[in-house]
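Chain letters run A, B, ... following the sequence lines, proteins first and then strands; every chain starts at 1. All values derive from a computational prediction rather than experimental measurement.
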Amino acid sequence: MHGYVRPGNSQPAWLFPFIVSVVVVLSVLPLARLAVTGITAFADGGAVAVLTDRALWQATYYTLVTAVLGTLISVLIGSLFAFLLTLTDIPAKGPLSFLFVLPMMIPPQVTALAWVQMSGPSSPLLKALGIAPPLGSPQPLYSLGGIALLYGVQHAPLVYLALRAGLLGVPRDGIEAARLSGAPALRTFRDIVLPLALPGMIAGAAIAFVSCIGNFGIPAILGIPASIYTLATLIFTKFAAFTDRTFGEVAVLSGVIALISVAGLAVQERALGGRDYRILGQAGAATSFQVGWWRFLFVPVLLIVLFFMLVAPFFALLAGALVPAYGVPLTLETMSFNAFQEVLLRQTVTRTAFANSLFLATVTAVGLLCLSVLAGYVLTRRRDVFARIVASLIEIPYALPGIIVAVAFILVFAAPLPVFNVTLYGTIWIILLAYFASFFAVSLKPVVSAYRQLDPALEEAARLAGAGFFRRLKDILVPLVAPAAGASVILVFLIACNELTVSALLWSAGTQTLGVVIYNLDDSGGSDLASALSVLVVLMVVVMMLLLEWLAKRLPKGVVPWRS
Amino acid sequence: MAKLILNHVSKQFGTGRPAVAGLSLDVREGGFLALLGPSGCGKTTVLRMIAGFEAPSDGAIFLGERLLANAAQSLPPERRNMAMVFQSYALWPHMSVADNVGYPLKVRGVSRETYRNRIREALDTVRLADHAERRPAELSGGQRQRVALARCLVTEPDVVLLDEPLANLDRHLRQEMEETFREFHQRSGATMVYVTHDQSEAMALATDVAVMSQGKLLQVAPPEEIYARPEGRLVGSLIGRGSVLSLNLPGGLPRKLTWEELRPVLASPALGSTADILVRPEDIALSGEGIATRVRSSLYEGERYSLILELEDGQILRTFSRHRPQVGDVVHVTIHSAWRL
Amino acid sequence: MAKLILNHVSKQFGTGRPAVAGLSLDVREGGFLALLGPSGCGKTTVLRMIAGFEAPSDGAIFLGERLLANAAQSLPPERRNMAMVFQSYALWPHMSVADNVGYPLKVRGVSRETYRNRIREALDTVRLADHAERRPAELSGGQRQRVALARCLVTEPDVVLLDEPLANLDRHLRQEMEETFREFHQRSGATMVYVTHDQSEAMALATDVAVMSQGKLLQVAPPEEIYARPEGRLVGSLIGRGSVLSLNLPGGLPRKLTWEELRPVLASPALGSTADILVRPEDIALSGEGIATRVRSSLYEGERYSLILELEDGQILRTFSRHRPQVGDVVHVTIHSAWRL
Amino acid sequence: ANLVLYTSQPNEDAQATVDGFMAANPDIKVDWVRDGTPKIMAKLQAEIAAGNPVADVLLIADTVTLERLKQDGKLLAYKSPEAANYDAALYDKDGHYYSTKLITTGIVYNTSAGLKPASWQDLAKPEAKGLVTMPSPLTSGAALIHAQTLTAVDGLGWDYYKALAENGTTAAGGNGAILKAVASGEKAYGMVVDYMPIREKAKGAPVEFVFPSEGVSAVTEPVGILASSKNVEAAQKFVDYVLSVEGQEGFVKLGYIPARNGVAMPEGFPARDTIRVLPLDAATALKNTDADLKTFSGYFSSN
Ligand SMILES: Nc1ncnc2c1ncn2[C@@H]1O[C@H](COP(=O)(O)OP(=O)(O)OP(=O)(O)O)[C@@H](O)[C@H]1O
Ligand SMILES: Nc1ncnc2c1ncn2[C@@H]1O[C@H](COP(=O)(O)OP(=O)(O)OP(=O)(O)O)[C@@H](O)[C@H]1O
Ligand SMILES: [Mg+2]
Ligand SMILES: [Mg+2]
């Protein structure tokens, strides 16, 4: 009959099929094409050889160990910041959280290099303290621990943003009831706040974990010198020595990564499993904990962490941009602004890249937010096997190293599209599509966890008011998940802004991205130019964040993560 | 506007016991049904099924000829033109009070002016005109409830569902709001279903009272009828503040018993098969004569004392008194009339 | 256990009007204070300041000699050994009913066995023993409220704060819960502060009744006293269901007026300076004689009809009647007694 | 359509090459894409697998890679008239690919280092313990060729790599990373391609480059035309151009050793005849790739 729906169903009938088809285009098609190519590459056998290769399992082990440790570290740092900056009354919350989002903008390689130098024989810091190790002593960061530590640092802001959204949903009276029950601040945090913010925390941890699995920059710099290969670096070595079996091997490696990420998702489901996170009644914890004299401990701790995460790498970048050649000490005499002049005024590609990256990042962030709001709705309302499969399929592309995603997209889109007879390959649109595929998971996670926390009565009231699906999405649901939506947009924007590995294979004349330009400059020996451009990118992001700050009054509460 | 029909409706939440079990109920066109019953008996669940938030596990719901829902299909709530006050209010925290109240109008796309006028009127009715720009979080419990009320009454719904809409209001406001309901009901002719624990509210407002227990419907009747002639022990003890005695009634008596019929029965001990007799407090007179009872407790209620009297065999009677007897005193009572359940 | 003292306590939310303004109040050791007042008058805010969730903008709160809070410092809630039923229940959605109830015990680190026994007892008291493993989201409104109640009574707090703890319960449960409060109060000797809109509840339970309005304290007195001798128009109309008349009283009369004193005054029109006279419904007798009034409305309440009678000059009287007069009828009434406010 | 060039030359060099070609052939427009060899190969192979290779001309890395493409039948044979001026070892006799320059791998050292190395063997000395770094053959094609060339030399062989591994040598990243490590003083010695340290030294970096006495390995950045090219004529013109005197002088200007006989050396390089370039047979190297990689990772995975 017209207008009727399946009982208990609040989403329009077309919604799930729509999400499924999006996922098919973004994820299933490319992955399946890669798998098929991989299988054909093994036409004469050889799959067994790859699977029994010790290197594969070694790399799997290293990947898992570093990813798990890295996730733990980033959850630790991210939670510390999220909790202190969201729920307590420590001073300077705004500026601190503003700064804490920035490390995501510093390419992981830069942070890694900065740290290597900071802890190495030529470290100005250690030299000044007189504890610099002698030339040639082993570098402690070239180890599993070092990789994990950097993973942790690099991904802590992801956890911070996702968890913050979760914390904002914790009801204030729940915290108060616990305090009155006799639970001191920490106990309340552990028993009430944390469990209620668990969806946010787990979302953050899951993004961090998956990012660790797919990360290439950090293990390339810290792992290879110690012969520690993760799956991502192993994949890269396969491409380095190209044979006709390469696609097969790469497909197998990607399969392992996909399995790990699906397993991660299962763990995540398990951790959230069966519980109810719907906040009943009024949400909005705001400032609920007084830190008192502890602020004299907390604030310095946060500042020190920020120093290592942001200040040190940023100044390493800046120094790299100001010296004429690598290894020349930075003094007033050697300092020059040549590199900035070169990238700003003489390299026309800089402007193209800024335009491209801004376009790509903006469209990806906003487009994915729209998709996530829809997909998140479906996935939290239908909790069946299909929903779980779709969730995994969204997850996998983000877990895969960018080069794999790019290869898969080339395989699908290099030939003209059937029916339409247009070729996406070589245009900016294929990069955009690949970004959509890659970052869908990042965008979706916080939104899903926010949906989980929603009191269903709020949507019901809107339905009864007569609001159809889109109407209540716009008026009720999106504003209610605003903190998560804000986190989602900012996460995706920042990640897409200096994305490298996906666009590295997909760019062509005129569609260079910032990541590609920086990489190419660096790779061609222009490390000063690369540093200068990186500095400019960071500055651009700061400017855009300030712009957002200025806009914040007109945005729903909680959207801008550094405002409380 | 049309008749609201619940046809053998059941709802299982998978907890073993059904929340609503085979409930059939007609609310006449433009009727005002009060739904009473102990906490957890399924009242909210019935409202939620009428609104369309829960699909019945079994049975069907109609509005006139139109099927609203059965186990297989359901008209979405946004197309039912109903309004509801949620037990938990369900205010939207991100909107101001005015926006909360005006949202159903906005969705219906009324003109800016009507919009503003209607909001102002609704807020005036609930005495919150000067809180229009606040957020729900900045309101007291009762104020929130009033916002929910205003939002419910701002449009012209076919069916209005009220889930304890006055639980957090003081007596004055309550009376005013009752008056508002009455007016709204007369003006709009909407069918209203009203869940409450306050019986005088229910009696004063409703054209029909339905009593539920453990998911089942026990009785539906107009207020006077259900008060005077309740069916069964449960309804008898739920409606009003009467006490139920188990007495050894001889056959052949009418259901409504007089003092003459009761007096001999009260004197003889209850043995063998017994009948349940409902005695209303207002039908008990404290007088020098009658049977002797001992005062078990007497509680001050302002207007009067509420007494619990113990009969010889330990059964209790409830009644009122303007004066305070001492606990333990023996008082004599006569029972003007009683009702066999 | 000690006296709870509020000393000139104020609370501003920055909305212009203070939510609580210069309120001073002593609750005697082991007292049971009922806090009454219209919706939005600041009752919840007072409780929240006692519990330590809000710091007073001004004034101080003591428990015996111990300073709980003033504008500059505040003992954190977890160190006050209080318990509260929140108006919004404040259940923890991630914990089962049993865990919700047992949390205060867990924090106090009691032994496993005591823990289990006390939870079982508390759940038995609120009749939810078979819902122990449910999540709050799977409970009805009244069931949630009962969980909040059980959580509040599971420990041995010095002060118990109850914010409309029974608003969502049916009459039976309400009576049972009142009994529980009474027992708990006697057993533990805790100081209790009870916010309610239900006056008979307040009167029946409390040792003292405080009436607030617009953030200010109007009167504190034992129930009988406040009912019999309310101070001022506001308290008079808030307590009980009386009506307030403006009459032109001659000087020299006592505050408690008899029919003889009233009759001449009622006959003459109210001119010049008038006094407020409170007339309780139970003091009005419908009789053939007395002054003539017109029935403006009569509402069925089950036990009786609640009448609104209009005097000649348009002022109204409220009273009850076991029979239903027609609206518009003229009835004669006598007023046994009245109270000058 | 425009001629599409895939190259692994650094940005500026690629631009210069293309500019030079377009100046010489004003009617042909060139689009170019540059990236590291592994990525270019991944891209190209994926395009081939998808059935629509975009590139016409490759100017990448080393003869081994192009030899592999040739054996897969992906390259077009073209006999360039310029070939006469090249050593026969520098181009494929069927005309599938032609070397365009010599990029040798030698030793870079930080000027503050104690030992001034003169031969490969010096890096295995105790003075260099823990101070040497080199690109990993596992991630860089050039590094693999370097290893394959050195191990074919009498007196070095795989034993030399074993000695390096025992001496605490690390195998990390690409040439850029090696240079940074040495220039910043994190390591004292590194194996690296010639032009990088020579350029950086000119800019003031504290590094010095030596051509070791045993000889240097070289990759030759060969040019080849894809069999699937739809622009064969233009592609052939491009090949002729990079092999011509004009094209070769362009490379010299950028600081590379030209492959063509009789073209002058770039600034900062010793005379051509003082540099001993060790030979490498592309086909043999290709055959041994897997085994060599295994041997290498056997030595270098224990630390
Ligand atoms: N967080 C807040 N911000 C601003 N105003 C507030 C806030 N909380 C309460 N108020 C205002 O303070 C006044 C007192 O509120 P309170 O909650 O104490 O009332 P109440 O007596 O408990 O009322 P009710 O019986 O309706 O629950 C109300 O007018 C309310 O609007
Ligand atoms: N989502 C749910 N899952 C499981 N059981 C539920 C759920 N919602 C309600 N119930 C159960 O169904 C029964 C009826 O609940 P309902 O909310 O309809 O009661 P109610 O009559 O409104 O009670 P109250 O007067 O306390 O609000 C209760 O026993 C309740 O525990
Ligand atoms: Mg209910
Ligand atoms: Mg309140």
Contacting region of C:Phe86 [heavy-atom separation from chain B under 4.5 Å]
neither
Cut-off 4.5 Å, heavy atoms of chain B, and the answer for C:Gln143 is both
Close contacts, residues 199-215 of chain C versus chain B, judged by heavy atoms under 4.5 Å:
C:Gln199, C:Ser200, C:Met203, C:Ala204
Which atoms of C:Tyr305 are under 4.5 Å from chain B, going by heavy atoms: the side chain, the backbone, both sets, or neither?
side chain
Show your working on side-chain contact (heavy atoms from CB on, under 4.5 Å) between C:Arg134 and B:Phe13 and close with a plain yes or no.
CA-CA 12 Å; C:Arg134 293 245 188 121; B:Phe13 281 113; over 6 Å; no
Side chain from CB out, backbone as N, CA, C, O: work out which of these in B:Arg48 comes under 4.5 Å of a heavy atom of chain C, or both, or neither.
neither
Qualifying residue for side chain to side chain contact (heavy atoms under 4.5 Å, CB included) with B:Ser39, from C:His172, C:Arg146, C:Arg174:
C:Arg146
Apply the test side-chain contact (heavy atoms from CB on, under 4.5 Å) to residues B:Arg304 and C:Glu282: give CA-CA distance (whole Å), side-chain angles for both, the deciding distance (0.1 Å), then the verdict.
CA-CA 9 Å; B:Arg304 55 197 177 183; C:Glu282 65 270 24; over 6 Å; no
Ionic contact status for B:Asp170 with C:Lys43, cut-off 4.0 Å:
no
Rounded to the nearest 0.5 Å, how far apart are CG of C:Leu169 and CD of B:Glu164?
8.5 Å
At a 4.5 Å cut-off on heavy atoms, which part of C:Ser237 comes close to chain B: side chain, backbone, both, or neither?
both
If you take all heavy atoms of B:Glu303 and C:Tyr227, which pair is closest and at what distance?
CA-OH, 3.2 Å
So which atom in C:His197 and which in B:Asn168 form the shortest heavy-atom distance, rounded to 0.1 Å?
NE2-O, 2.9 Å
Heavy-atom cut-off 4.5 Å, strictly under: side chain, backbone, both or neither for B:Asp283 against chain C?
both
Sorted by chain and residue number, the ring pair (Phe, Tyr, Trp, His ring centres under 6.0 Å) partners of B:His131 (sequence neighbours excluded) come out as none
Determine whether B:Leu299 and C:Gln175 make a side-chain contact, defined as any pair of heavy atoms from C-beta on separated by less than 4.5 Å.
no
